[in-house]
Chemist: 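One structure, as structure tokens, below. Some questions next.
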Amino acid sequence: MPWKALPYSDRDRSKTLGEKFNVEGIPALVVLSPTCDKITSDGVEEIRAASKKALDQWSQGKRLFWSREPREGEYVWQDTTCSLCYMNPLTGSRHGCTHKECNIDLCQTCLPNNKHEHPLVEYLMPKKTYSLEALFKSVPYLLNPNNEEKIETKTMWQNDVKSVGFYFSAHWCPPCRAFTPKLAELYKTAQETSHAFRIVFVSCDRDEESFNSYRAEMPWPAVPLNSGALLKEYFRYSGE
Ligand SMILES: [Zn+2]
Ligand SMILES: [Zn+2]
């Protein structure tokens, strides 16, 4: 490291400093003013969000992140930063990309200035109850098993559908591979008498090839590989 260090023998002081600044995990970077006022304790996160800009801000005695009080009904997205204005935690409606490799989050105010290459969709609010139609809003279409034929998402809630199973699964996961044929068998038998229960596959596969070969084993439609990110996020946050 191109900076000085506390001697190893002075561990008591490191411990006291860690306690004083509530350092709970490492790496942590706490930035202080010459009068020991805390500029930020989110130094690492600020560097990750915008390294040059964060340094510029610190040089002026200011932090990069800013926050505001939530208004009524607004959700506070902990550990989430708006990619344009650096609001952290991002408060209110959050917009992101369903492509799993894209790392973009925008607040409501920054949305009109969005230049991202893919269309952005609004995140579902954790723990809030949605209609199936609203849940599928970030999914453009479903894929038929075995081929690329597109199925409209409304087949999941129209006609006589009484319940829908969201099947989160991946080919690389042995318990998933063992469970899928059992569920498929059961589903096929059930479909012979009624279509009231539907299943949709939300893939946790890492690439298109394993996604395609895995969904061919299933007798129900799949959410396209790059469209399931928001759905997964919603169920992860909402799961107890
Ligand atoms: Zn913003
Ligand atoms: Zn994207």
Side-chain angles (χ1 to χ4, degrees), residues 29 31 39-128 130 134-143 148 150 153 166 168 170 200-212 215 221-237:
L29 178 61
V31 184
I39 293 170
T40 182
S41 46
D42 293 324
V44 172
E45 290 74 21
E46 292 194 3
I47 290 282
R48 282 180 181 145
S51 50
K52 206 181 160 300
K53 199 138 193 239
L55 274 180
D56 276 359
Q57 288 289 100
W58 301 346
S59 315
Q60 298 168 49
K62 292 184 279 198
R63 74 196 302 251
L64 175 70
F65 291 164
W66 66 279
S67 59
R68 65 164 173 81
E69 285 298 313
R71 293 188 275 267
E72 203 185 326
E74 279 189 334
Y75 189 78
V76 179
W77 301 86
Q78 293 301 339
D79 303 319
T80 306
T81 312
C82 173
S83 310
L84 284 182
C85 71
Y86 309 112
M87 170 162 51
N88 176 304
L90 195 154
T91 301
S93 68
R94 170 186 176 192
H95 304 262
C97 181
T98 56
H99 286 63
K100 59 183 185 316
E101 66 277 11
C102 292
N103 204 355
I104 179 164
D105 284 301
L106 290 188
C107 74
Q108 185 69 42
T109 315
C110 291
L111 190 63
N113 304 325
N114 160 47
K115 293 192 181 72
H116 189 64
E117 55 184 312
H118 309 120
L120 295 190
V121 268
E122 186 177 346
Y123 271 72
L124 298 156
M125 248 193 336
K127 303 203 195 289
K128 189 176 156 183
Y130 288 95
L135 271 187
F136 278 105
K137 223 174 100 185
S138 65
V139 179
Y141 53 87
L142 302 174
L143 288 168
E148 293 297 314
K150 294 173 183 174
T153 50
F166 290 80
F168 295 84
V200 63
F201 170 43
V202 190
S203 170
C204 302
D205 287 301
R206 292 168 186 144
D207 58 83
E208 200 79 34
E209 205 186 324
S210 35
F211 166 66
N212 283 330
R215 72 184 177 84
V223 170
L225 188 60
N226 270 328
S227 303
L230 267 58
L231 220 43
K232 277 187 268 183
E233 186 89 351
Y234 171 74
F235 281 102
R236 180 162 56 230
Y237 272 112

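Just so it is clear, the values below take in all heavy atoms, side chains as well, and ignore hydrogens, waters and symmetry mates. In each ligand, atom 1 is the first atom listed, and ligand 1 is the first ligand listed. The residues of the chain are indexed from 1 along the displayed sequence.
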Chemist: H116: which N/O/S atom is nearest the Zn ion (ligand 2)?
Modeler: NE2
Chemist: Check R94 with E74, please: is the shortest side-chain N to carboxylate O separation under 4.0 Å?
Modeler: no
Chemist: Side chains of D56 and S59 only: does a donor on one sit below 3.5 Å from an acceptor on the other?
Modeler: no
Chemist: Could you tell me whether R215 and E148 have a side-chain N and a carboxylate O separated by less than 4.0 Å?
Modeler: yes
Chemist: Could you name each residue pair satisfying ring-ring contact (aromatic ring centres under 6.0 Å, His included) that touches residues 84-113, not counting sequence neighbours?
Modeler: H99-H118
Chemist: Check the orientation of F166 and F136. Use parallel for under 30°, tilted for 30 to 60°, and perpendicular for over 60°.
Modeler: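 It falls in the parallel class, under 30°.
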Chemist: Could you pull out the atom name of the N/O/S atom in H118 that is nearest the Zn ion (ligand 2)?
Modeler: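 Minimum-distance N/O/S atom of H118 relative to the Zn ion (ligand 2) is ND1.
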Chemist: Return yes if a side-chain donor-acceptor contact under 3.5 Å exists between D205 and S203, otherwise no.
Modeler: yes
Chemist: What is the number of protein N/O/S atoms located under 2.8 Å from the Zn ion (ligand 1)?
Modeler: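 N, O or S atoms of the protein closer than 2.8 Å: 4.
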Chemist: Are E46 and R63 close enough for a salt bridge, meaning some N to O gap below 4.0 Å?
Modeler: yes
